[in-house]
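Below is one structure, written out as structure tokens; comments come after it.
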Amino acid sequence: KAGVTQTPRYLIKTRGQQVTLSCSPISGHRSVSWYQQTPGQGLQFLFEYFSETQRNKGNFPGRFSGRQFSNSRSEMNVSTLELGDSALYLCASSLAPGRAGELFFGEGSRLTVL
Amino acid sequence: QKEVEQNSGPLSVPEGAIASLNCTYSDRVSQSFFWYRQYSGKSPELIMSIYSNGDKEDGRFTAQLNKASQYVSLLIRDSQPSDSATYLCAVNRENNDMRFGAGTRLTVKP
């Protein structure tokens with residue numbers, strides 16, 4: 001069974017640009033959530049999607065957005081990039097709603113903003 | 001007060017010893033609790049989940065939950081060098097709002 005797949009794995013952008021990250025969940029998993037991980041702040045919740053609907057959102061500015069498609073694949077977008085957006089972005093899937101919290105993480109997309 | 005607090009470590013134990021990792025949380029309505037292990041350069045992986053007060057054992061791992069004290073712990077028996085990693089405590093609050101602790105770095109010395 002394939003795991004959670006995230007693309008791209010690494011990317012470098014400059015301030016002011018935008019970026020789109022993609023996530024394919026484990027087959028059969030309908031919930032996808034996104035996290036930002038930095039050395040200083042740890043793992044911080046961005047948002048969660050289930051059946052193409054955003055069910056929950058963390059405390060991030062509106063520059064961070066996401067969506068989920070009918071096949072459960074998800075994308076997140078960060079516009080007007082700032083240096084502080086440099087981080088590892090992790091996508092996780094779960095068998096929502098009964099197994100929320102039991103997350104399976106992808107390998108992440110490491111974003112560097114110059 | 002942070003929502004999920006863990007000692008950052010590092011925690012160092014000799015091989016074969018018991019490693020004890022602790023976590024406290026602030027939101028009393030939290031219902032489910034998790035321990036994730038993250039090796040350096042890798043993504044977190046779920047190792048334990050616990051939903052009710054008491055102990056839950058899985059192999060060398062035991063999770064303990066005390067909702068009255070808002071306290072979760074993870075015991076690793078017969079620690080191995082391969083257990084060296086950062087352990088993240090996670091709490092699922094209402095509306096599936098997951099919060100992670102900063103993690104405790106564990107080193108098991110041969």
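Note on naming: letters A, B, ... go to the chains in the order of the sequence lines (proteins, then strands), and numbering restarts at 1 for each one. Keep in mind that this is a model prediction, so the values were computed, not measured.
In Asn59(A), the CG atom is not crowded: 12 or fewer heavy atoms of neighbouring residues, nucleotides or ligands sit closer than 6.0 Å. When the shell of 6.0 Å around CZ of Arg110(A) is examined, it contains 12 or fewer heavy atoms from other residues, nucleotides or ligands. The 12-atom threshold is exceeded at CD of Gln64(B), counting heavy atoms of other residues, nucleotides or ligands nearer than 6.0 Å.
Residues Phe100(B) and Tyr35(A) bring their aromatic ring centres within 6.0 Å.
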Let's go through Leu88(B) and Leu43(A) carefully: what are the C-alpha distance in whole Å and the side-chain angles of both, what is the deciding distance for side chain to side chain contact (heavy atoms under 4.5 Å, CB included) to 0.1 Å, and is it a yes or a no? CA-CA 9 Å; Leu88(B) 302 169; Leu43(A) 203 59; 4.3 Å; yes
Before you tell me yes or no, could you show the steps for Phe105(A) and Tyr36(B) under ring-ring contact (aromatic ring centres under 6.0 Å, His included), namely the whole-Å CA-CA distance, both residues' side-chain angles and the distance that decides it to 0.1 Å? CA-CA 10 Å; Phe105(A) 284 89; Tyr36(B) 286 81; 5.8 Å; yes
After noting the C-alpha distance and the side-chain angles of Gln38(B) and Gln37(A), does the key distance pass the side chain to side chain contact (heavy atoms under 4.5 Å, CB included) rule? CA-CA 12 Å; Gln38(B) 187 171 24; Gln37(A) 188 172 38; 2.9 Å; yes
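Your options are Pro44(B), Ser32(B), Ser49(B), and the one with the most heavy-atom pairs under 4.5 Å with chain A is Pro44(B).
In this structure, Val32(A) is a member of the same hydrophobic cluster as Val19(A), with clusters built from ILVMFWY side-chain heavy atoms closer than 4.5 Å. One hydrophobic cluster, built from ILVMFWY side chains closer than 4.5 Å, holds both Ile76(B) and Val72(B).
Across all their heavy atoms, Glu102(A) and Phe34(B) have their closest contact at CG-CE2, 3.6 Å.
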